[in-house]
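Down below is the structure, laid out as structure tokens.
It should be emphasised that the depicted structure is a prediction, and the values quoted were computed from it without experimental measurement.
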Amino acid sequence: MTSTPAYPLATTTWDDAEYAALQRVIASGRFTNGPLVKQFEAEFAAHFGAGFGVMVNSGSSANLIAIAAAVLDPRIDLNRGDEVIVPAVSWPTTYYPLTQYGLRPRFVDIDLDTLNLDLDLVEASIGPRTKAIFAVNLLGNPNDFPRLRGIAERHRLVLLEDNCESLGAVKDGINAGTAGLAGTFSSFFSHHIATMEGGVILTDDEQLYQEMISLRSHGWTRELPAENFVHDKSGDAWDDLFRFVLPGYNVRPLEMEGALGIEQLKKVPALIAGRRENAAHFLERFSGIEGVRTQRETGESSWFGFSMVLEGPLAGRRADVVKAFAAAGIESRPIVAGNFTRNPVMAHLDAVVPDELPAADRVDVDGLFVGNHHYPVHAGIDLVAETIERVAAS
């Protein structure tokens, strides 16, 4: 029998409202993508101040559909062999859709304090083949959106966001996931809101929205209006059910996921406020611990988790810390995927990798994070700090 950890990585945000929503879907008999998904999409977009939302079956699929739409959109100059700037620290599915569409990820190092793209290095990395930036807001921390937008505008680059870890983050009044042409979100169990599996793409561009709706469902026109930006319908209702115009996928969500999302969205302000309150305690408790570099907040983080980069007396001792955490019942993980370019899968990816990525390497060797939650976890944070202090003293 598995024991409950003293300080888990993630916990449920559901209560009776979510279970009642599931029961309503069961009673309705409609399980596939339908009106509840559409309602959630509209409410999600409105909550974050975007024009349009598209729900899919995961945050990874959200990245895939966003990239596919940008490449296939005839107005956007993204072609095979073009380079897209990406941070060296992120999840694999930030990178895979780029290479699957013939784009070349150009890896750029991160800022060791914020864990996001080093924007000085971004500017220095822009070359004649650079056409886009796919920025990642890591572990709840937003990028410096005004500066990022300025870089993209000066160099005429498409700006996209992987915001799967940072729902609710804000920088200078700009909601994370709305800074560029499109932004992606995840609603997997361990994220800020949970719809079992699920993801959302936000955009203000109606044509891109319609392209993503088509790409989500086989590349057909069925869910589009009669006159649209992708391919106008013929007027023959029977024929229009099976008109395929884009090389799409089937990454549709379920009505259950839409129903869950509607209930979860109501709780977002409280969920984020709880995480921020815990973060204040975490930062205060760790401010005096030598050998731990914590993430520096840019704007208002939504604090997905609490990262630690070990240094000084703890440098090179991540294995000791992980072992001590496990003994104390503290769940931990690497900081996302560390320096992604160190993974064997790179042999299959056509990418531009600089000779040195020192900050990403530090994260790869000495980085880890523990969970954050929407309810008070001061005692758990104290346990994490005490465990770190014991390791440092040993």
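- For the residue pair T130/H155, the side-chain donor-acceptor check at 3.5 Å is not satisfied.
- Summarising the local packing, CZ of R156 is surrounded by 12 or fewer heavy atoms from other residues, nucleotides or ligands at distances under 6.0 Å.
- Cluster annotation: F52 is connected to V230 through the hydrophobic network of ILVMFWY side chains, with a link wherever side-chain heavy atoms come within less than 4.5 Å.
- Classified by interplanar angle (parallel below 30°, tilted 30° to 60°, perpendicular above 60°), the ring pair F282/F306 is parallel.
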*List the steps and the verdict of side-chain hydrogen bond (donor to acceptor under 3.5 Å, both in side chains) for D162 and N63.*
CA-CA 7 Å; D162 182 334; N63 283 348; 3.0 Å; yes
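- Between the side chain of D109 and the backbone N or O of A360, at least one donor-acceptor pair lies under 3.5 Å.
- Geometrically, R216 does not engage Y249 in a cation-pi contact defined by less than 6.0 Å to the ring centre and at most 45° from the axis.
- A salt bridge does not link R129 to E83: none of the charged nitrogens lies less than 4.0 Å from a carboxylate oxygen.
- Using a 4.5 Å cut-off between side-chain heavy atoms of Ile, Leu, Val, Met, Phe, Trp and Tyr, with links allowed through other members, I272 and W14 fall into the same hydrophobic cluster.
- Between F244 and F242, the angle of the ring planes lies from 30° to 60°, which puts this pair in the tilted group.
- F134 meets the ring pair (Phe, Tyr, Trp, His ring centres under 6.0 Å) test with no other residue; sequence neighbours excluded.
- Between Y95 and F107, the ring planes are tilted. Angles from 30° to 60° get that label.
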_side-chain hydrogen bond (donor to acceptor under 3.5 Å, both in side chains) evaluation trace for T298 with D144_ = CA-CA 7 Å; T298 304; D144 182 343; over 6 Å; no
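- Not counting sequence neighbours, the partners of H374 by the side chain to side chain contact (heavy atoms under 4.5 Å, CB included) test are T11, T13, L271.
- The neighbour count for K38 NZ, taken as heavy atoms of other residues, nucleotides or ligands under 6.0 Å away, does not exceed 12.
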